[in-house]
Amino acid sequence: MSPTHFSVSLLLLLLLLRSTDASVAPHKQQAQTLSLKTTPDPQIQYHNPKLPPRAFSLSSSKKFEGSSDLVQLRYHMGPVLSNSPINLYVIWYGRWASQQKLLIKDFLLSISAASGHRSSGGAAAATARSPSVAEWWRTVSLYTDQTGANVSRAVVVAWEHEDAACSHGRSLTRLSVQQVIATAARALPFPVDHRNGVYLVLTGEDVTMQDFCRAVCGFHYFTFPSMVGYTLPYAWVGNSGRQCPEVCAYPFAIPGYMGGGGAGGPKPLSPPNGDVGVDGMISVIGHELAELSSNPLVNAWYAGEDPTAPTEIGDLCEGLYGTGGGGGYIGQVMRDGGGRSFNMNGRSGRRFLVQWLWSPVLKSCAGPNALD
C-alpha cells in the first residue's frame, strides 16, 4: 500500500483466528527441514519455520498464497518506472555505521544482474549465485504501463547524501520527510533527475518517524512540487533495531506476547548478516522499492478502490519467503552452517532474506527460491 499501511485491526483479527486454531488442535512448534540439492555447499539446508503471523500481514492466511480469486490487482493506467536505469538517490539520515551502509548498498546493487555505483565509479557487480536478488526483481519487471513498457531491470545507486546531524530533527513526519529530500536535492552537484530518479530516505536507529512501529515500517509516495520543486517518487524505511525489531524486523525478532524467545515458544530466525535491524530493514526496502516501481504515483498497479490506501504487490505477499508459506509458515528458506536463514544471494557473497512479491503472470506470490 502506499503509504504502506499495516492494519492493526487486521493483526488483532489474525491473532484471534490463530488462537482459536491453537485451542482446537494444540501442537508443538516445529521447523520442517530438508536437504538442499541445488547447491554444492552441503552445510546449507532448507527449513520452513512456523512462526506467529506477522503484524499487519495479509498473507498470514493461506488463501492469499496462489489464489487469484481473492486478489483483484488491477492496472489504473498510470506510469511505472520503465526508464532505464532507475537511479537511486540514497539519503542516510541519522546515525549509520559504515558496515550497515555497505550491507544495504550491497543489496541495492544486487538488484541488477550487473549494477554500477556511479558516484564512486566502481566496476559492475558480478552475477550472484542463483537464487539471486536480480532474479527476485524479475517479478517486478513483469509489470507494464499502458504502452507495454516494463519496469526497468537496471537499478543503480546514482548518488548518496549523508545527514548525520539530522537537519530536520530526529522526529520526522510524513510531511517533514519531504523537507529532508528537498535539502538533499539542493545539495546535488548536478540537476535534479526528475525522469529516472527515485529518492530513498533511510533513517537510523536514533530517528523516529510518524506512525513508525505502530502502523508502518516503511512507505512510499511522491514529493509535492511546492516543497521539493518536482514530483519525485520516494520511499522511506527506518532501522527498527532499537525501537521495534519485533514489529519491523520480523522474522528476526518476535513479540514477547506471541511467545517469542520463551521456553517452548517459537524462536526468531538468525539474520543472514548478523544485524537484526538492518537485515530486517532490507526486506522492507525491497518491499517499498518493488511497490514504488510498479506504482510510483499511486495510480498504476494496486488492488482496492481507494488509492490513498491501496494494496500493492508487496502487501499481498507480506510474511512469505518461500514455497509452502502461509498459515503461520514463512515458506521454505535456506539455512547455512551457522544457522543463519536466507532465501537469495547478492553481490560480494552476501545473502538476504527478502519477502516474495505478487506475480501478474502466475497470479500468486513468487520468488527466486521457489521449489515448484
Side-chain angles (χ1 to χ4, degrees), residues 1-5 58-59 64-88 107-108 110-113 115 131-156 194-200 218-222 231-235 237 283-318 320-321 343-344 354-370:
M1 54 192 74
S2 170
T4 306
H5 291 94
L58 284 174
S59 60
F64 284 93
E65 188 196 32
S67 175
S68 58
D69 295 334
L70 293 175
V71 177
Q72 300 298 324
L73 186 72
R74 295 190 297 113
Y75 177 56
H76 297 264
M77 305 306 291
V80 300
L81 296 186
S82 58
N83 291 330
S84 188
I86 297 172
N87 291 326
L88 297 179
F107 171 72
L108 297 175
S110 298
I111 291 176
S112 298
S115 301
S132 69
V133 176
E135 292 169 339
W136 169 81
W137 189 257
R138 287 178 189 171
T139 297
V140 186
S141 71
L142 295 173
Y143 288 87
T144 62
D145 63 16
Q146 57 186 309
T147 71
N150 295 77
V151 171
S152 174
R153 289 177 61 178
V155 179
V156 300
H194 56 84
R195 179 176 171 81
N196 292 34
V198 170
Y199 279 84
L200 181 59
F219 60 78
H220 75 88
Y221 206 57
F222 51 86
T231 298
L232 303 169
Y234 76 89
V237 181
S283 188
V284 181
I285 291 172
H287 175 122
E288 296 303 333
L289 285 181
E291 294 183 343
L292 179 64
S293 298
S294 58
N295 195 28
L297 300 181
V298 202
N299 60 358
W301 289 94
Y302 64 88
E305 299 303 322
D306 184 0
T308 65
T311 299
E312 299 173 278
I313 68 172
D315 303 320
L316 293 169
C317 304
E318 189 74 39
L320 293 178
Y321 300 84
N343 65 347
M344 58 190 73
V354 182
Q355 69 153 90
W356 279 14
L357 302 169
W358 187 264
S359 167
V361 175
L362 300 176
K363 307 297 183 185
S364 66
C365 297
N369 58 313

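- Closest approach of Asn299 to Pro79, counting heavy atoms only: OD1-CD, 3.5 Å.
- Taken to the nearest 0.5 Å, the CG atom of Leu200 stands 12.5 Å off from the NE2 atom of His220.
- Taken from OG1 in Thr311 to CD in Glu305, the straight-line distance is 11.0 Å, to the nearest 0.5 Å.
- Panel note: side chain Trp137, backbone Ser152; a donor-acceptor pair is recorded below 3.5 Å.
- Judged by distance alone, the side chain of Asp306 and the main-chain N or O of Pro310 form no donor-acceptor pair under 3.5 Å.
- Nearest approach of Gly197 to Pro233, heavy atoms of both residues: O-CD, 3.8 Å.
- With values rounded to the nearest 0.5 angstrom, Leu357 atom CG is found 11.5 Å from Ser364 atom OG.
- Taking the side chain as every heavy atom from C-beta outward, Leu108 and Ile285 approach each other to under 4.5 Å.
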Checklist entry - What's the verdict on side-chain contact (heavy atoms from CB on, under 4.5 Å) for Leu289 and Ile111, showing C-alpha distance, side-chain angles and the deciding distance? => result CA-CA 10 Å; Leu289 285 181; Ile111 291 176; 4.1 Å; yes
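- The two residues Phe222 and Leu297 have their closest heavy-atom pair at CE2-O, 3.6 Å.
- When only modelled atom types and interatomic distance are considered, Trp356 and Asn369 share a side-chain donor-acceptor pair under 3.5 Å.
- Remark: side-chain polar atoms of Thr139 are not paired, donor with acceptor, to backbone N or O of Ser359 under 3.5 angstrom.
- Of the possible polar contacts, one joining the Gln355 side chain to the Gly314 backbone as a donor-acceptor pair under 3.5 Å is found.
- Asn343 contributes a side-chain N or O that, together with a main-chain N or O of Val354, makes up a donor-acceptor pair within less than 3.5 Å.
- Of the inter-residue distances, the one linking Glu291 atom CD with Leu316 atom CG reads 8.5 Å to the nearest 0.5 angstrom.
- Ser141 OG to Leu81 CG: the interatomic distance, rounded to the nearest 0.5 Å, is 12.5 Å.
- Listed here is the closest heavy atom pair of Ser82 and Asp145: OG-OD2, 4.0 Å.
- Residue Asn83 holds its CG atom at 4.5 Å from CG of Asn196, rounded to the nearest 0.5 Å.
- Checked by atom type and distance alone, the side chain of Gln146 pairs as donor or acceptor with a backbone atom of Met77 at under 3.5 Å.
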Checklist entry - Under the side-chain contact (heavy atoms from CB on, under 4.5 Å) criterion, do Val156 and Asn87 qualify, and how do the steps go? => result CA-CA 5 Å; Val156 300; Asn87 291 326; 3.1 Å; yes
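- A side-chain contact (heavy atoms from CB on, under 4.5 Å) with Ser294 is found for one member of Tyr302, Tyr143, Trp358 and no other, namely Tyr143.
- Taking every heavy atom of both residues into account, Ser293 and Val140 meet most closely at CB-CG1, 4.1 Å.
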Checklist entry - Can you check side-chain contact (heavy atoms from CB on, under 4.5 Å) on Thr231 and His194, steps first, answer last? => result CA-CA 7 Å; Thr231 298; His194 56 84; over 6 Å; no
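- Classified by interplanar angle (parallel below 30°, tilted 30° to 60°, perpendicular above 60°), the ring pair Tyr234/Phe219 is perpendicular.
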